[in-house]
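In what follows, a structure is listed as structure tokens, so that the remarks can point back to it.
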Amino acid sequence: MAGEASRTTYEEYKETADWLLAQTSTRPQLAVICGSGLGGLTDLLSNRTEIPYEKIPRFPQSTVPGHEGKLVFGELSGKQCVFMKGRFHFYEGYPINKVTFPVRIFHLMGVKSLIVTNASGGLNEKFRVGDLMVIKDHINLPGFAGLNPLVGSNEERFGPRFPCMSDAYDQKYRQLASDSALELGYQDFFREGVYCMLTGPSYETVAECHMLKVLGADAVGMSTVPEVIIARHSGIRVFGISLITNQVVTDYSSQTKVNHQTVLRVAQERAQALQTLVAKVVEKME
Ligand code: HPA
């Protein structure tokens, strides 16, 4: 069966997790995945240990500009954490279970909460470039075509065959984020919405953007959803935040063209605010 050939066994995941636990005294409860241009989030950590992906047994390598490749262990607001500086995308050519490989490693290392960040295009007309959108829900569009990281035989030691996704984005964490945004005076650029994943790497056509809006999506990107599905499968609580780096083009007469340099520039401009918000949410997590 397609996908089964590249399957990683439970024992193989365990070997990588045990290898990592032997490299650091940190015992992470919280994992953070840094999206495009958002690797600066690791600056929040104290007592850091950095491990480049190429040193980690079975870890994929990051190939996208703006995505470094290392795990950073450390402490934030009294919580032991592991940050992924550089994530993996399906469009890089990895099998979908390689994209999500780190999340299972986090679970086996004891992680109970995951924060996912990403850069995305705004579909909602009320959104502005630079807005921070807390992810309320997602649409797994590749999943409609059979691309779900849980396809294949199920490993019960990770989770059930048919995991629930109606509670994918933890309501309590979303509330903490909205309280934090208020305290920080971020109301003007703080949003909540639905994130839709497409595999990319080509950006969306005008007709595709029209379709995504009709489907109820507020933002569109090329990541996050596979990791969230695998996290929820193992019972990890998820908080997701999307930085709106561009407005998608929905008008055939528009001269605007999205490109990766703009995405990275806006991500850098808003990185500080995103970092401050994430730090505040972590502080409030029990
Ligand atoms: N589309 C898809 N992915 C993205 C975009 C976009 O407009 N912006 C940043 N990531």
Side-chain angles (χ1 to χ4, degrees), residues 33-41 62-68 84-94 96 99-100 115-145 147 189-229 240-271 273-275 277-278:
I33 302 181
C34 308
S36 292
L38 300 171
L41 280 165
S62 203
T63 66
V64 191
H67 284 264
E68 273 182 78
M84 262 185 93
K85 196 165 184 174
R87 65 140 58 85
F88 309 112
H89 305 82
F90 183 73
Y91 63 72
E92 292 175 84
Y94 304 112
I96 192 77
V99 171
T100 55
I115 299 183
V116 278
T117 65
N118 64 44
S120 67
L123 292 159
N124 187 319
E125 267 153 37
K126 296 199 185 110
F127 288 6
R128 296 285 161 262
V129 169
D131 282 354
L132 299 179
M133 183 193 89
V134 165
I135 306 177
K136 175 170 77 178
D137 202 351
H138 73 222
I139 298 174
N140 177 20
L141 210 57
F144 288 28
L147 194 79
F189 56 91
F190 180 81
R191 315 280 184 180
E192 214 182 48
V194 174
Y195 176 86
C196 180
M197 184 207 174
L198 271 67
T199 63
S202 49
Y203 288 108
E204 300 69 40
T205 64
V206 172
E208 284 164 352
C209 290
H210 286 157
M211 182 193 84
L212 297 178
K213 282 179 153 191
V214 171
L215 292 181
D218 296 297
V220 56
M222 305 175 191
S223 67
T224 304
V225 168
E227 293 111 307
V228 170
I229 292 173
I241 187 151
S242 207
L243 169 56
I244 308 296
T245 53
N246 56 284
Q247 264 295 353
V248 302
V249 176
T250 51
D251 173 0
Y252 285 103
S253 63
S254 168
Q255 295 304 307
T256 308
K257 287 185 192 199
V258 59
N259 64 66
H260 191 56
Q261 277 62 44
T262 310
V263 168
L264 290 180
R265 182 181 48 76
V266 176
Q268 265 141 31
E269 283 166 10
R270 259 295 188 245
L274 181 94
Q275 210 166 299
L277 182 68
V278 168

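Numbering of ligands and ligand atoms starts at 1, following listing order. Source: prediction; values computed, not measured. Residues: numbered from 1 along the sequence shown.
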For Glu204, the ligand 1 atoms with a heavy-atom partner under 4.0 Å come out as 1 (N), 2 (C), 6 (C), 7 (O)
Report the residue from Asn118, Thr199, Val116, Val228 that forms a side chain to side chain contact (heavy atoms under 4.5 Å, CB included) with Ser223. Asn118
Considering the heavy atoms of Asn246, write down every atom of ligand 1 situated less than 4.0 Å from one of them. 5 (C), 6 (C), 7 (O), 8 (N), 9 (C)
Provide the closest heavy-atom pair for Val249 versus Thr256 in the form atom of the first, atom of the second, distance. CG2-O, 3.4 Å
At what distance is the nearest protein heavy atom to atom 5 (C) of ligand 1, and which residue and atom is it? Gly121 N, 3.4 Å
Determine whether Glu125 and Lys213 make a side-chain contact, defined as any pair of heavy atoms from C-beta on separated by less than 4.5 Å. yes
Atom indices of ligand 1, in the order listed, that fall short of 4.0 Å to a heavy atom of Met222: 2 (C), 3 (N)
Taking only non-hydrogen atoms of Thr245 and a 4.0 Å limit, the atoms of ligand 1 in range are 8 (N), 9 (C)
For Phe189, is the NZ or CZ atom of Arg128 found under 6.0 angstrom from the centre of its six-membered ring and inside 45 degrees of the ring axis? no
At a 4.0 Å threshold, what atoms of ligand 1 neighbour a non-hydrogen atom of Ala119? 9 (C), 10 (N)
Nearest non-hydrogen protein atom to atom 3 (N) of ligand 1, with distance, is Gly221 CA, 3.4 Å
Testing the basics here: between Met133 and Ile244, what is the closest heavy-atom pair and its distance to 0.1 Å? CB-CD1, 4.3 Å
Could you tell me, atom by atom, which parts of ligand 1 come under 4.0 Å of a heavy atom of Ser120? 5 (C), 8 (N), 9 (C), 10 (N)
I want to check something: taking the side chain as every heavy atom from C-beta on, are Val248 and Val206 in contact at a cut-off of under 4.5 Å? no
